[in-house]
Amino acid sequence: MRRALTLLTTVLLTVWQLPQNLAGLVFGWFLKGKRRYCNLPGIPDDIRVVDASNMYGGISLGNFVYCRPPIYEKMALHEYGHCRQSRLLGPFYLLVVGLPSLLWALWWHPGRSVGYYSFFTERWADRLGGVRRNSGRN
């Protein structure tokens with residue numbers, strides 16, 4: 001019974017997050033180089049953390065987290081926070097979190113007076129991923 005419930009939960013979560021899970025799969029196909037899956041403490045096994053060497057920073061799409069090596073624990077936990085946002089918002093994630101986060105990442109640069117993690121989507125992801133920062137400027 002427990003195994004059937006776990007399977008049902010997995011199927012329902014996959015369907016609920018279908019747009020971002022599909023985007024995560026497609027994104028992985030476009031990455032060049034070898035992809036290595038990592039297991040990190042604090043991140044459930046159903047979240048695929050991918051060591052993506054040709055990326056700067058990280059991105060989370062559904063159950064997929066892509067990070068540049070070495071995979072820093074804070075970055076992976078932050079991206080896991082975005083995975084949790086995806087599970088909460090389902091098909092609305094890309095509009096509520098994904099697009100604003102992408103636009104923020106394109107606009108922001110280290111010289112700005114406001115910290116990258118002060119943006120609402122990033123602050124929320126930190127909170128859900130259990131990341132503590134000294135200030136919003138990291």
Side-chain angles (χ1 to χ4, degrees):
M1 179 67 176
R2 185 178 194 146
R3 186 177 227 176
L5 188 58
T6 301
L7 179 61
L8 179 62
T9 302
T10 301
V11 168
L12 290 175
L13 274 174
T14 300
V15 172
W16 175 243
Q17 300 176 90
L18 194 59
Q20 48 273 30
N21 277 325
L22 289 175
L25 281 171
V26 170
F27 187 82
W29 289 333
F30 284 104
L31 282 179
K32 295 193 190 289
K34 64 180 181 179
R35 286 183 299 279
R36 183 172 51 103
Y37 296 106
C38 309
N39 291 326
L40 297 173
I43 299 178
D45 292 339
D46 64 330
I47 302 297
R48 306 298 290 178
V49 180
V50 183
D51 181 336
S53 60
N54 53 351
M55 279 186 57
Y56 176 78
I59 189 169
S60 174
L61 291 162
N63 290 335
F64 299 91
V65 170
Y66 296 93
C67 293
R68 182 179 184 172
I71 295 179
Y72 298 103
E73 188 177 343
K74 260 188 185 179
M75 179 189 293
L77 288 173
H78 171 81
E79 294 302 330
Y80 170 59
H82 283 303
C83 290
R84 292 189 64 198
Q85 290 170 329
S86 174
R87 287 181 174 184
L88 290 168
L89 297 171
F92 305 105
Y93 169 82
L94 292 174
L95 287 174
V96 174
V97 173
L99 185 59
S101 281
L102 179 63
L103 293 174
W104 175 250
L106 292 172
W107 177 80
W108 187 88
H109 61 79
R112 298 252 186 232
S113 62
V114 62
Y116 179 79
Y117 297 99
S118 65
F119 192 62
F120 81 98
T121 60
E122 308 309 320
R123 231 181 17 253
W124 185 20
D126 271 355
R127 198 170 331 122
L128 291 174
V131 177
R132 295 183 188 253
R133 299 189 190 273
N134 295 335
S135 72
R137 305 213 57 206
N138 320 18

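Nothing here was measured: the structure is a model prediction, and the numbers come from that model. Heads up: numbering here begins at 1 and tracks the sequence.
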Self-check item: Closest approach of Cys67 to Glu79 (non-hydrogen atoms, all atoms of both residues)
Solution: SG-CG, 4.4 Å
Self-check item: Closest non-hydrogen atom pair between Gly62 and Gln17, with its separation
Solution: CA-OE1, 4.0 Å
Exercise. Find the distance between CZ (Arg123) and CZ (Arg133) and round it off to the nearest 0.5 Å.
Key: 12.5 Å
Quiz item: For Pro100 and Leu94, which heavy atoms make the closest approach, and how far apart are they?
Solution: CD-O, 4.3 Å
Quiz item: Would the number of heavy atoms belonging to other residues, nucleotides or ligands and lying under 6.0 Å from CZ of Phe92 be above 12?
Solution: no
Practice problem: Identify whether Leu25 and Tyr93 are in the same connected component of the hydrophobic contact network (ILVMFWY, side-chain heavy atoms under 4.5 Å). | Solution: yes
Quiz item: Among Val65, Asn63, Asp46, which residue meets the side chain to side chain contact (heavy atoms under 4.5 Å, CB included) test with Cys83?
Solution: Val65
Quiz item: Where do Trp16 and Ser86 come nearest, in terms of heavy atoms and distance?
Solution: NE1-O, 4.1 Å
Quiz item: Is the Phe64 ring parallel, tilted or perpendicular to the Tyr66 ring (thresholds 30°, 60°)?
Solution: parallel
Self-check item: Worked check of side-chain contact (heavy atoms from CB on, under 4.5 Å) between Ile47 and Tyr80
Solution: CA-CA 8 Å; Ile47 302 297; Tyr80 170 59; 4.1 Å; yes
Self-check item: Verify same cluster id: Val114, Phe119 (apolar side-chain graph, 4.5 Å)
Solution: yes
Quiz item: Under 3.5 Å, is there a donor-acceptor pair between the side chain of Trp108 and the main chain of Tyr117?
Solution: no
Quiz item: Which distance, rounded to the nearest 0.5 Å, do you find between the CG of Leu89 and the CZ of Arg84?
Solution: 12.0 Å
Self-check item: Single-linkage hydrophobic cluster Leu22~Leu61, side-chain heavy atoms < 4.5 angstrom
Solution: no
Quiz prompt | Non-hydrogen atoms of Thr14 and Asn21 that approach each other most closely | solution = O-ND2, 3.5 Å
Quiz item: Roughly how far, to the nearest 0.5 Å, is the CG atom of Leu13 from the CG atom of Leu8?
Solution: 9.5 Å
Practice problem: Determine whether Trp104 and Leu106 fall in the same hydrophobic cluster, where Ile, Leu, Val, Met, Phe, Trp and Tyr are linked whenever their side-chain heavy atoms lie under 4.5 Å apart. | Solution: no
Quiz item: Could you walk me through whether Phe27 and Val50 pass the side-chain contact (heavy atoms from CB on, under 4.5 Å) check?
Solution: CA-CA 11 Å; Phe27 187 82; Val50 183; over 6 Å; no
Quiz item: Is there a donor-acceptor contact under 3.5 Å from the side chain of Arg112 to the main chain of Trp107?
Solution: yes
Practice problem: Indicate the atoms forming the closest heavy-atom contact of Ile43 with Ala76, along with that distance. | Solution: CD1-O, 3.6 Å
Exercise. Given side-chain contact (heavy atoms from CB on, under 4.5 Å), test Glu122 with Val131 step by step and report yes or no.
Key: CA-CA 11 Å; Glu122 308 309 320; Val131 177; over 6 Å; no
Quiz prompt | Value rounded to 0.5 Å, distance of CG in Asp126 from NZ in Lys74 | solution = 8.0 Å
